[in-house]
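Working notes, structure below.
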Amino acid sequence: MLMDTFNDKWRALQQHLVEVESSHLRDLFASDPKRAENLSVSACGLNLDYSKNRITLKTRALLMALADSAQLAAKRDAMFAGAPINNTENRSVLHTALRQQDDKPILVDGVDIVPQIKAVRIKVEAVVNQVRDKQWLGYSGKCITDVLNLGIGGSFLGPKIVTTSLKPYVQGGPKQHFVANIDGNHLHDVLSDLNPETTLVLIASKSFNTQETLTNAESTRQWFYDNNVAFEQLSRHFIAISSNVTKAVAFGISGENVFPMWDWVGGRYSLWSAIGMPIAMAIGNQGFTELLKGAADLDQHFKEAPLEQNLPVLMGMLGVWNHNFFGCQTHALLPYSHYLRGFPAYVQQMDMESNGKSCQLNNEIVSSTTGPVIWGAEGTNGQHAFHQLLHQGTSVVPVDFIQPLVAEHKMNGHQDMLVANCFAQSKTLMQGKTHQQAYDELVGSGMEEALAKVIAKHKEMPGNRPSNTLTFNRLTPYQLGTLIALYEHKVFVQGVIWNLNSFDQWGVELGKILGDDILSRIGQPNNTELSDSSTELLLAQYRYANQP
Ligand code: F6P
């Protein structure tokens, strides 16, 4: 019955698509001077202008009806309440609890998790203060000048992009370094600039089982040994954040330096937990608290705002419209902000690891397409690289333009130009240029008519290409918290529509197993059992290149 209603709403959108396809965005804007007013919304300091999507008020109503029929509100409430919505791992999904602003109990298996969260936060704050106040001393009595963060995926991207994004707020703390890759070049290069006496290592791994992180941690421990630091002295230099406390202790980290996290926090949603310690070390505990507050306010908005004014619901449903109905296979995030340059990569993991799936919650293979490819880069650099394809290519790429309105610097003219470029790009995508306009321009500039007709074909731009523009005043810790939570919930909304479990990631497992198998075969040239000729060929090349 519920499924029938959902299918009816889906079909209604398919029928409506035919009406929308016949109109061009530039005509929709020309015929309705209030279009932007009607199709924009603000909350928690974020302004979303979604008027440059191929929609009408009817489309919005139909999309909201689809969301409603998918029981979005009930599913959202179940997540916030701690229901085990990660069904393949039988886990609750409670990254939102990590930023809850009051002590309202949240039960997981009958236990209130709020006191645990608070206890860990107090412990994190104490360590952060010790390090920032130069009270945490290394084995030789010197204070910590550098923090080496080892972790990958969600245990890396969140802390890394937040500290990068909040650079103007980074002061007073030690310098942060991040190494995720197993490629030893990175760790080698970073270690060569560090002094073991003044370096603190944070190992961030929810599972404490990840090859890259553990190998980098072992090599870093060896670097201390190579610098004549004894095992007993390492307790001043290693901290772990993990839900696998036993393994972290077995690695040699003293129990008091292991900060727990929990199964109910997904790796890619974990920056709000002790995994965010590097952020607090960089911007201070107060800044980290503001980041949490921003996310909490967006949570509240997601829970309470009517669907038609709900930022994550609107962005999620517009994404469904562009992806499932217009067939757009990718989605670009273009922050016009140098500090947000890492944001597309962060959302890429959050979105693609969450919704890049085919098997639904009811164990059936999904019949529509799911998770678009998320990509992007900072403006204006992208304009001189890939925007050509955005404007005239055969693939239509919906874009989120992200624009802080107030600059963090005082350099003359830069911010005006940055903002003008951002707004011009969305306008260009929207209106395009007709053949007639291109032709008239060419003839007007003196070109002979026959040639102008030909060249105009190359200069014509289809326009009618969808984009959102997200603006906010300043990229503060609070505002960044709202922005990240907005995308988290957008991903959740789309997972609901596609009926996916957005919180597991089984697709990454097989590669890890085969990686271990191939690793063990590198030193066994005669072992061709169960292998394939391509892998054997590649292994042979590798062995040959590395022969003594
Ligand atoms: O690549 C898969 C993944 O499990 C991510 O989901 C996770 O963020 C990352 O690996 C790191 O995992 P861990 O924190 O357990 O080391």
Side-chain angles (χ1 to χ4, degrees), residues 85-95 98 120 124 148-163 178-183 186-187 201-221 238-251 253 257-279 342-357 371 373-374 484 487-488 491-492 495 500-516 519:
I85 61 169
N86 176 352
N87 69 328
T88 61
E89 297 177 293
N90 193 26
R91 290 177 183 169
S92 305
V93 173
L94 280 169
H95 47 282
L98 295 162
V120 175
V124 169
L148 172 59
N149 295 285
L150 304 177
I152 198 163
S155 300
F156 154 70
L157 283 161
K160 164 95 171 133
I161 74 104
V162 172
T163 37
F178 293 87
V179 175
N181 200 331
I182 191 63
D183 184 341
H186 193 187
L187 185 63
V201 183
L202 301 193
I203 307 174
S205 177
K206 182 179 166 185
S207 60
F208 219 84
N209 215 12
T210 304
Q211 184 194 58
E212 293 90 333
T213 304
L214 293 191
T215 307
N216 282 330
E218 279 158 14
S219 300
T220 304
R221 190 175 52 186
F238 276 87
I239 286 178
I241 303 127
S242 182
S243 60
N244 194 341
V245 177
T246 320
K247 260 200 115 179
V249 170
F251 178 86
I253 294 170
N257 288 354
V258 181
F259 289 72
M261 58 185 293
W262 304 274
D263 275 350
W264 42 261
V265 192
R268 54 194 173 272
Y269 299 90
S270 65
L271 72 87
W272 321 101
S273 71
I275 291 281
M277 200 185 302
I279 302 169
F343 195 63
Y346 176 70
V347 176
Q348 183 179 64
Q349 190 219 8
M350 184 211 288
D351 195 320
M352 293 172 72
E353 200 166 63
S354 296
N355 287 339
K357 293 170 190 167
V373 174
I374 305 292
I484 295 172
Y487 276 91
E488 286 179 349
V491 168
F492 175 82
L500 300 172
N501 174 2
S502 301
F503 302 101
D504 58 12
Q505 56 282 322
W506 296 109
V508 299
E509 293 306 319
L510 179 59
K512 291 183 190 172
I513 293 165
L514 294 187
D516 284 345
L519 180 63

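Sequence positions, counted from 1, serve as the residue numbers for this chain. Owing to the predicted nature of the structure, the values given are computational and were not obtained by experimental measurement. Atoms considered below: every heavy atom in the structure, side chains included; atoms not considered: hydrogens, waters and symmetry mates. Atoms within each ligand, like the ligands themselves, are counted from 1 in listed order.
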Quiz item: Taking all atoms of both residues into account, what is the closest heavy-atom pair of Met350 and Ile484, and its distance?
Solution: CE-O, 4.0 Å

Quiz item: What residue and atom, counting heavy atoms only, is the protein's closest point to atom 14 (O) of ligand 1, and at what distance?
Solution: Ser155 OG, 2.6 Å

Quiz item: In terms of side-chain heavy atoms, does Trp272 have a donor or acceptor partner in Glu488 at a distance below 3.5 Å?
Solution: yes

Quiz item: Nearest to atom 15 (O) of ligand 1, what protein heavy atom do you find, and at what distance?
Solution: Ser207 OG, 2.6 Å

Exercise. Do me a favour and list the nearest non-hydrogen protein atom to atom 2 (C) of ligand 1 with residue, atom name and distance?
Key: Glu353 OE2, 3.4 Å

Self-check item: ligand 1 atoms in contact with Ser205 (distance to a heavy atom under 4.0 Å)
Solution: 13 (P), 14 (O), 15 (O), 16 (O)

Self-check item: Close side-chain approach of Lys160 to Tyr346, heavy-atom, < 4.5 Å
Solution: no

Quiz prompt | Closest non-hydrogen atom pair, Lys357 against Asp504 | solution = NZ-O, 2.6 Å

Quiz item: How close does the nearest protein non-hydrogen atom get to atom 10 (O) of ligand 1, and which residue and atom is it?
Solution: Lys512 NZ, 4.3 Å

Exercise. Mind telling me whether Tyr487 and Phe343 have parallel, tilted or perpendicular rings, with 30° and 60° as the class edges?
Key: perpendicular

Quiz prompt | For atom 11 (C) of ligand 1, the protein heavy atom that lies nearest, with its residue and separation | solution = Ile152 O, 3.2 Å

Quiz item: Can you check whether Phe208 has an N/O within less than 3.5 Å of an N/O in ligand 1?
Solution: no

Self-check item: Non-neighbouring partners of Phe492 that pass ring pair (Phe, Tyr, Trp, His ring centres under 6.0 Å), sequence neighbours left out
Solution: none

Quiz item: Are any non-hydrogen side-chain atoms of Thr163 and Phe178 less than 4.5 angstrom apart?
Solution: yes

Self-check item: Glu212 touching ligand 1 at heavy-atom level, < 4.0 angstrom
Solution: no

Quiz item: What residue and heavy atom of the protein are closest to atom 7 (C) of ligand 1, and at what distance?
Solution: Gly154 N, 3.9 Å

Exercise. Measure the distance from atom 13 (P) of ligand 1 to every protein heavy atom, then report the residue, atom name and distance (to 0.1 Å) of the closest one.
Key: Thr210 OG1, 3.3 Å

